[in-house]
Structures are given as C-alpha cells and as structure tokens.
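Here is the naming used below: chain letters follow the sequence lines, and residue numbers restart at 1 for every chain.
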There are 2 protein chains.
Amino acid sequence: MFIQNNELSQTKQAILNSALNLFVEKGYFNTSIPDLVKHSGVSTGSIYHSFKDKEAIANTLMESLLSQIECEQNQILANHTSSWARFYHLCEWMFQTAETYPDVMQFILNARHKEFLPDLLPICSAKPFTTLRAVIQQGMEQGDLKEMDIMVAAAVAYGGVLRLIQLGLDGLLDAPFNSYLDSITKTCWSSISNTNQTQ
Amino acid sequence: MFIQNNELSQTKQAILNSALNLFVEKGYFNTSIPDLVKHSGVSTGSIYHSFKDKEAIANTLMESLLSQIECEQNQILANHTSSWARFYHLCEWMFQTAETYPDVMQFILNARHKEFLPDLLPICSAKPFTTLRAVIQQGMEQGDLKEMDIMVAAAVAYGGVLRLIQLGLDGLLDAPFNSYLDSITKTCWSSISNTNQTQ
DNA sequence: GTCTATAGTACGATAGAC
DNA sequence: GTCTATCGTACTATAGAC
C-alpha cells in the first residue's frame with residue numbers, strides 16, 4: 001500500500017492501489033474495469049463515481065506517485081547538503097523503494113505512459129528526474145564534478161544505478177538491492193568526480 | 001525499413017515494418033488491425049493469412065529484431081578482439097541505430113513486452129544483452145577491468161550509454177547521439193577499468 | 001494469396017434503484 | 001456514495017468469393 005494520501009477517499013485509495021498492482025502485473029490495457037472491481041472489491045458504479053474514466057485513474061495514480069516521490073526526495077535534499085551525500089542518499093532511497101515497493105519502481109521506470117497518457121511528458125522530464133539532474137548540476141558548479149555535458153554526467157551517475165534496479169526488478173540479481181549500494185554509487189560517482197583518486 | 005529478411009515474404013515484411021512503427025508510436029494495444037491495414041496497405045484477410053493472430057505479429061517482430069541485432073553484434077565481435085574495442089564499437093552501433101532507426105531502439109528498450117508477449121523472458125535476458133555482459137566478463141578475466149560483481153560492472157558500463165540513449169529518444173539531447181560517444185564510453189569504461197589513470 | 005463483409009465478443013461507460 | 005444490470009461500440013478473428 002504505497003498510496004496513502006489524506007486528500008483522497010478510502011475508496012479512491014483502494015482503486016489506485018489495485019490499479020498500481022494490476023497495471024504493473026498485466027499492463028494498463030490488459031487490466032479491465034471488471035479486473036479492477038474484482039481486485040479492489042469496489043463496484044463498477046463506485047469506480048466511475050470516483051473517476052471520470054479509466055484514463056483518469058492512470059492519471060491520478062501517476063500524479064500521486066510523482067508527488068509522493070517528490071516529497072520524499074525533498075526530505076533527502078533537506079537532510080543533506082553536499083552533492084555526494086545527496087547523490088548517495090537519493091540512490092539509497094531508490095534502492096529501498098525498489099526493494100519494498102517494486103510495483104512503484106516498475107510503474108515509474110518501465111510503464112509506457114505515453115501509451116495511455118498521451119498528454120504526459122516523457123518520464124525523464126518529470127520532477128523526480130529533474131531533481132536527480134539538479135544534484136549533478138550542483139556538484140559541477142561547486143567543483144566536485146568534472147566540467148562536462150550535464151546530460152552525460154547525469155546519465156553516467158544515475159544510468160548505472162537505474163540499470164541495476166532494472167536488472168533486479170527483472171530478477172537477474174542474486175543479492176538484495178541494498179548490498180550493491182556502496183559499490184555502485186562510488187563507482188559511478190568516481191568516474192565523473194573531480195578528485196584524482198587512483199582507486 | 002529495418003526489417004529486411006529474405007526468409008520472409010514481402011507482405012510479411014510490410015506488416016512487420018508497419019507494426020514496428022505503430023507499436024512504438026501508439027503502443028501495441030492502441031494499434032488495431034484496421035490501423036495496420038491502413039498503414040501497411042495490406043488487407044485484414046492477408047494479415048491473418050500471414051500471421052495466426054495479433055500476438056504472432058509482435059512475436060515475429062521481436063524475433064526478427066533480436067536475430068538481426070545479434071547478427072550485427074557478432075560482426076562487431078569478429079572485427080575487434082580487445083574488451084575495450086568491443087565495448088566501444090558495440091556502443092557506437094547502439095548510438096548509430098538509435099539515430100537511424102529510433103523505432104527499433106524504442107521497441108527494444110522501452111516496450112513492455114511482457115504486456116503482450118507473456119511468455120517472453122525479460123529483455124535483459126535476451127541474447128543482445130547477454131552479449132553486452134559477456135564483453136564485460138571478458139574484460140574482467142583478461143585483467144582489463146577491476147574484479148567486481150559482473151552485474152554491477154555491466155550496469156555501470158552500459159547503464160550510462162543506455163540512459164543517454166533514452167534521454168535522446170525522449171528528445172532531451174541537443175546534439176546528435178554520435179557526438180556523445182567518445183565522452184560517455186571513456187567515462188563509463190574508466191570507472192570500472194583496472195588502469196590507474198588519473199584523468 | 002488477397003480481398004470484403006461480417007460474426008462474435010468483451011470492453012468502457014451509463015442508467016437508475018437503494 | 002454504492003450497487004447491479006445493461007447499452008453501445010470497437011475490436012479480433014473468420015467466412016467465403018475471387
């Protein structure tokens with residue numbers, strides 16, 4: 001139960017959590033309203049009373065997830081100031097979320113949102129991803145990171161982490177996400193870092 | 001026109017190329033048979049004469065793309081022997097393909113294949129991706145790369161490259177893919193490389 | 001092997017009682 | 001606000017002529 005928003009009724013939350021599970025498991029188009037009825041225990045009528053149509057469910061789900069993620073990222077930024085600490089703890093949060101709420105990560109990373117939310121910007125343009133890049137920008141401005149194209153630096157920094165998460169979600173990792181955290185964050189960071197450390 | 005397989009009839013090739021375009025543009029479930037008829041100029045009857053059902057189209061499309069990619073990767077492996085050269089030219093090929101056939105890259109990287117091909121293994125387990133990892137394994141066995149978890153090393157090596165491709169496909173890069181090649185391959189490789197280069 | 005016409009089905013969405 | 005019953009539609013897949 002990732003979605004717990006006080007602004008939303010119990011019914012809406014139940015629908016959204018079922019939608020998250022089913023959309024990840026079967027995909028948006030393979031999930032019918034009857035499927036949602038069975039999984040959530042909410043009737044067709046109530047679903048359509050809570051949401052205009054099926055697309056509105058996906059839309060609200062997406063907005064809820066993004067705003068919740070944004071909120072948790074802001075907490076991390078508030079607790080850490082250096083670019084390295086921010087990078088490390090943002091990655092830590094992603095690993096923890098992938099471990100505890102794999103559906104959330106799958107939905108955010110993997111879903112072809114354009115397919116059912118035609119007006120949505122590509123996920124790379126969403127706030128949580130611009131926040132990730134902003135931390136790299138900060139590191140560069142403060143001299144922690146080499147001067148290089150920001151997109152390249154961001155791709156290197158988070159590419160490895162996100163790729164590992166993908167491999168884990170696909171069941172190709174033996175150990176829990178957590179055990180890779182130090183190794184991969186240090187490796188990725190060192191490759192774009194300004195310090196001339198030999199190891 | 002990426003799909004050009006002599007073992008397939010002209011009609012089948014036309015259907016597959018239309019399917020590739022439409023599946024990427026609108027998604028598998030948003031692409032109806034009538035859409036395919038319009039786009040390919042092949043009638044409903046002929047489509048169902050060529051393929052058992054809609055899923056078989058996706059299946060054959062996937063198989064064609066993967067076998068064609070496998071073939072081109074093998075060519076690269078045959079032309080280069082060192083792990084670095086193989087890594088570099090495999091990345092070069094990915095960038096070139098993303099530039100010339102963005103639909104192919106989108107379909108391979110982005111499509112939620114499990115959604116419409118339930119029996120398919122996750123894409124990370126497909127041959128082209130195991131080939132990528134094998135090159136990292138080779139580098140480690142020959143002492144070019146540090147001893148570390150193979151999945152971590154592979155994630156770092158290709159994560160940055162694939163992430164950059166994703167950013168480009170989403171329209172967030174200013175310059176053509178090609179111009180990032182040297183920078184990102186060197187950065188990713190150096191972070192897992194065994195040589196103690198300070199820069 | 002290619003076409004048009006259509007059967008059959010399952011879905012999204014609504015109506016209307018409680 | 002929640003439910004059941006149902007309408008209308010659009011799709012996949014087939015039938016059958018050429």
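- One side chain, A:Asp182 or A:Tyr88, offers a donor N or O that lies under 3.5 Å from an acceptor on the other.
- Judged purely by atom type and a 3.5 angstrom limit, B:Ser46 has no side-chain atom pairing as donor or acceptor with the backbone of B:Ser43.
- Proximity of the aromatic rings of B:Phe87 and B:Tyr158 is defined here by a centroid distance below 6.0 angstrom, and this criterion is met.
- Looking at B:Ser18 and B:Asn21, their side chains never bring a donor and an acceptor atom within 3.5 Å of each other.
- Between the A:Ser179 side chain and the A:Ala175 main chain, no donor and acceptor come within less than 3.5 Å of each other.
- In this structure, the nucleotide among C:dT4, D:dC3, D:dA5 sitting nearest to the side chain of A:Thr44 is D:dA5.
- Within residues 28-38 of chain B, the residues that place at least one heavy atom under 4.0 Å from DNA chain D are, in residue-number order, B:Thr31, B:Ser32, B:Ile33, B:Pro34.
- Of the residues in residues 46-58 of chain A, those with a non-hydrogen atom less than 4.0 angstrom from any atom of DNA chain C are A:Tyr48, A:Asp53, A:Lys54.
- For residues 4-22 of chain A, proximity to DNA chain C is found at no residue, defined as any non-hydrogen atom under 4.0 angstrom from a strand atom.
- The side-chain heavy atoms of B:Ser193 and B:Asp144, taken from C-beta on, include no pair separated by under 4.5 Å.
- B:Val24 is connected to B:Leu109 through a chain of hydrophobic side-chain contacts under 4.5 Å among Ile, Leu, Val, Met, Phe, Trp and Tyr, so both are in one cluster.
- Side-chain rings of B:Phe107 and B:His113 approach one another, their centers coming within less than 6.0 Å.
- Using modelled atom types and a 3.5 Å distance limit, the side chains of A:Trp93 and A:Glu72 yield a donor-acceptor pair.
- The main-chain N or O of A:Ala78 is never found under 3.5 Å from a side-chain atom of A:Arg86 such that the two would form a donor-acceptor pair.
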